[in-house]
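Only one structure is covered here, and it is reproduced in the block below.
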Amino acid sequence: MDAVVNNEGLTEASAARALASACSQVGLGSQAADLLRLGENAIYALPSEGVAVRVARADTEDIKRKVVKELAVSRWLTSQGFPAVRPFDELPQPVQADGRLVTFWEYVPPTTSNPT
């Protein structure tokens with residue numbers, strides 16, 4: 001059932017369903033996904049795929065415009081040499097999944113720093 005139609009908010013369960021659906025559509029495995037953050041969006045890491053997945057709260061036209069703009073800004077920033085996270089453009093962007101928009105980004109592993 002469409003998340004927008006049934007008014008289900010972005011929960012861990014609804015985000016996981018959208019993640020699984022989107023990954024299936026583009027040929028990625030989502031079984032080892034690590035939920036990094038759940039807020040305005042859900043952010044998952046797929047380290048073995050080199051991909052981070054962002055699940056938006058819905059797939060409305062307003063959110064689609066914002067998502068498309070975010071992708072364009074990121075592409076432009078990286079083209080200018082700015083150290084921004086890049087969209088994972090080997091995959092289609094954005095993907096509609098379970099009533100949400102899903103985008104794929106370059107996975108940047110966490111760094112550990114040793115304070116001196």
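Residues passing the salt bridge (Lys or Arg N to Asp or Glu O under 4.0 Å) test with Glu70, sequence neighbours excluded: Arg54. Considering only residues two or more places apart in sequence or on other chains, Arg75 meets the salt bridge (Lys or Arg N to Asp or Glu O under 4.0 Å) condition with Asp89. Under the side-chain contact (heavy atoms from CB on, under 4.5 Å) criterion, Ala84 pairs with Leu77, Thr78, Phe82, not counting sequence neighbours. Remark: Lys66 pairs with Asp62 by the salt bridge (Lys or Arg N to Asp or Glu O under 4.0 Å) rule, at least two apart or across chains. Not a single side-chain contact (heavy atoms from CB on, under 4.5 Å) links Ser48 to another residue, sequence neighbours left out. Under the salt bridge (Lys or Arg N to Asp or Glu O under 4.0 Å) criterion, Glu40 pairs with Arg57, not counting sequence neighbours.
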Sequence neighbours excluded and cut-off under 3.5 Å, please list the side-chain donor-acceptor pairs for residues 19-31, or say none.
from, atom 1, to, atom 2, distance (Å)
Ser21, OG, Gln25, NE2, 3.3
Gln25, NE2, Gln96, O, 3.0

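Evaluation of the salt bridge (Lys or Arg N to Asp or Glu O under 4.0 Å) test over residues 76-85, restricted to residues two or more places apart or in two chains, returns none. Applying the salt bridge (Lys or Arg N to Asp or Glu O under 4.0 Å) test to pairs two or more places apart or on separate chains, none has a residue in residues 78-88.
Counting Ile, Leu, Val, Met, Phe, Trp and Tyr side chains that sit under 4.5 Å apart, directly or through other members, Leu36 shares a hydrophobic cluster with Ile43.
Within a 6.0 Å sphere centred on CD of Glu12, other residues, nucleotides and ligands contribute 12 heavy atoms or fewer.
Nearest approach of Asp98 to Ser14, heavy atoms of both residues: OD2-O, 4.0 Å. Minimum heavy-atom separation, Val102 to Ala97: CG2-CB, 4.1 Å. Nearest approach of Pro94 to Thr103, heavy atoms of both residues: CB-CG2, 3.8 Å. Between Val51 and Tyr107, the shortest heavy-atom contact is N-CB, 3.4 Å.
Distance check, rounded to the nearest 0.5 Å: CZ of Phe88 to CD of Glu49 gives 8.0 Å. If you take OG1 on Thr60 and CG on Leu101, they are separated by 7.5 Å, rounding to the nearest 0.5 Å.
When hydrophobic clusters are built by joining Ile, Leu, Val, Met, Phe, Trp and Tyr residues whose side-chain heavy atoms come closer than 4.5 Å, directly or via intermediates, Val67 is not grouped with Leu91. Note on Tyr44 and Leu38: same hydrophobic cluster, where clusters join Ile, Leu, Val, Met, Phe, Trp and Tyr whose side-chain heavy atoms are under 4.5 Å apart, directly or indirectly.
Looking only at side-chain heavy atoms (C-beta outward), Leu71 and Trp105 come within less than 4.5 Å of each other.
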